[in-house]
Student: 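Before anything else, here's the structure in question.
Residue numbers begin at 1 in each chain, while the letters A, B, ... track the order of the sequences.
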Amino acid sequence: MPELPEVETIARGVDERLRGDRIVEAWFSSYPQPFKTPRDRQAKGLAGRIVLSVHRTGKHIVCELGSAAPASASTTAQPDSQWIVHLGMTGRLLVSTPDEPVAAHTHARLSLASGRELRFVDARRFGRLEFRELDFRDPARTGAFDAPGAEPLSIGPEEFAALFRGRKLAIKAALLNQTLLAGVGNIYADESLFHAGIRPRRAAGRLTRTELERLRRALRKTLQQAIRLGGSSVSDYVDANGARGFFQLEHCVYLRTGEPCRRCGTPIRRILLAGRGTHFCPSCQR
DNA sequence: CATTTCACCTGGTGGC
DNA sequence: TGCCACCAGGTGAAAT
């Protein structure tokens, strides 16, 4: 479900509503899959902690947690732990009230001092929940991810071009590789390749400097606009308040197989690339 | 090492 | 209505 714009939207929503709140208790389902950290360790770690801030990195939602509230609203307390949520394909993170009916496939419920509840719901169970203790004296445990890809919203031309240099794989497959760029998934890979006028199967290392710069800008612009519209709700994505996004209305190729290209009218084609449905305009993309 | 394929899950849709 | 094939926003392990 969620790529960078959806994860960003959810993280902002959770941050707005939960910042400063205290986690009273955490409940987890008995399914083993979603827990990168064993559920009892998560429950123990989360209980009593304060949500200092919530942000996105790549496709991860990171809740910065502390054991004491900041001294004042303008100061920031040092986090001592993190709760990291990856939504997989169908994961939802919802701020709700305890009396709202519990949806099927609810795998985590965090009750908060304010009376609110943070719920993690994930039908396919591809999502992952992780709890980390931080130690700022140990550089390996300051909260950095193991192999973080570059952020597509802030990467510059030189660094972007360097990611693909010498690579033989298809540019679309390269865009999906989270250790190169973090946050791009199937929708935004297809959409940004369309806006850059580049065929998904082109070898990444064979793109010209001009094409790479078109791609970098198309990617940034597409992601920014999607964030403004609250993400793409293709089937079931909703933000932390349960609201759908609107960027699906702006899709030019994704899931538009056979429909006319919005630019030239040529039917959109679908191929399989890196095991994923891949959509492009055979006339606009070269 | 780089790259590709597949398994992990449930649910929705469309054909017969 | 049922049954079946196929498709879906993601990743990480295994195979090549």
Student: Is the distance from OP1 or OP2 of B/dC9 to the nearest side-chain N or O of A/H105 less than 4.0 Å?
Tutor: no

Student: Of the candidate nucleotides B/dC8, C/dC7, C/dT11, which contains the atom at the shortest distance from the side chain of A/R270?
Tutor: C/dC7

Student: Can you find a side chain N or O atom of A/R125 that sits less than 4.0 Å from OP1 or OP2 on B/dT10?
Tutor: yes

Student: Measure from the side-chain heavy atoms of A/H279 and tell me the nearest of B/dG11, C/dA8, C/dT11.
Tutor: C/dA8

Student: Is A/G275 touching bases, backbone alone, or none of the nucleic acid, heavy atoms closer than 4.0 Å?
Tutor: nothing

Student: Specify the separation, in whole Å, of atom CG of A/D236 and atom C1' of B/dT13.
Tutor: 14 Å

Student: Could you state the atom-to-atom distance from CZ of A/R124 to P of C/dA8 in whole Å?
Tutor: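 It is 10 Å, rounded to the nearest whole Å.
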
Student: Using purine N1 to pyrimidine N3 plus N6-O4 or O6-N4 for Watson-Crick, or N1-O2 and O6-N3 for G-U wobble, both under 3.5 Å, which nucleotide pairs with B/dC9?
Tutor: none

Student: Nearest whole Å is fine: how far is C/dA8 P from A/Y254 OH?
Tutor: 6 Å

Student: Between A/E16 and A/R12, does any side-chain N to carboxylate O distance fall below 4.0 Å?
Tutor: no

Student: Within the 3.5 Å criterion, strictly below it, is a donor on A/E6 or A/Y188 matched to an acceptor on the partner's side chain?
Tutor: yes

Student: Counting only heavy atoms not in A/R263, do more than 12 fall under 6.0 Å of its CZ?
Tutor: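 For A/R263, atom CZ is not crowded (no more than 12 foreign heavy atoms under 6.0 Å).
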
Student: Measure all distances between protein nitrogen or oxygen atoms and nitrogen or oxygen atoms of nucleotides 1-4 of chain B, and list the pairs falling under 3.5 Å.
Tutor:
from: B/dT3; atom 1: OP1; to: A/K168; atom 2: N; distance (Å): 2.8
from: B/dT3; atom 1: OP2; to: A/R167; atom 2: NH1; distance (Å): 2.9

Student: Run the side-chain hydrogen bond (donor to acceptor under 3.5 Å, both in side chains) check on A/H195 and A/T222 step by step: do they pass?
Tutor: CA-CA 8 Å; A/H195 290 295; A/T222 306; 4.6 Å; no

Student: Would you say the side chains of A/D15 and A/S53 form a donor-acceptor pair under 3.5 Å?
Tutor: no

Student: With no hydrogens and no angle check, just 3.5 Å: does a side-chain donor-acceptor pair link A/T9 and A/D239?
Tutor: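 Side-chain D/A pair, A/T9 to A/D239: absent.
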
Student: Looking only at side-chain N and O atoms, does A/Q178 come under 4.0 Å of OP1 or OP2 in C/dG10?
Tutor: no

Student: Across the strands shown, which category fits A/Y188 at heavy-atom distances under 4.0 angstrom: base, sugar-phosphate, nothing?
Tutor: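 Touches nothing.
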
Student: Looking only at atom P, what distance separates B/dC9 and C/dC3, rounded to whole Å?
Tutor: 24 Å

Student: Check whether any side-chain nitrogen or oxygen of A/R128 sits under 4.0 Å from OP1 or OP2 of C/dT11, and answer yes or no.
Tutor: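 Indeed not, no polar side-chain atom of A/R128 lies that close.
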
Student: Once you apply a heavy-atom cut-off of 4.0 Å, does A/S233 come out as touching a base, just sugar-phosphate, or nothing?
Tutor: base

Student: The test is side-chain hydrogen bond (donor to acceptor under 3.5 Å, both in side chains); show your working for A/T97 and A/E100 and say whether it passes.
Tutor: CA-CA 6 Å; A/T97 54; A/E100 281 177 73; 3.2 Å; yes

Student: Going by ring centres under 5.5 Å and near-parallel planes (under 30°), is A/F126 stacked on C/dT11?
Tutor: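 One would not call A/F126 stacked on the C/dT11 base.
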
Student: Whole angstroms only, please: what is the CG-C1' distance between A/D122 and C/dA8?
Tutor: 13 Å

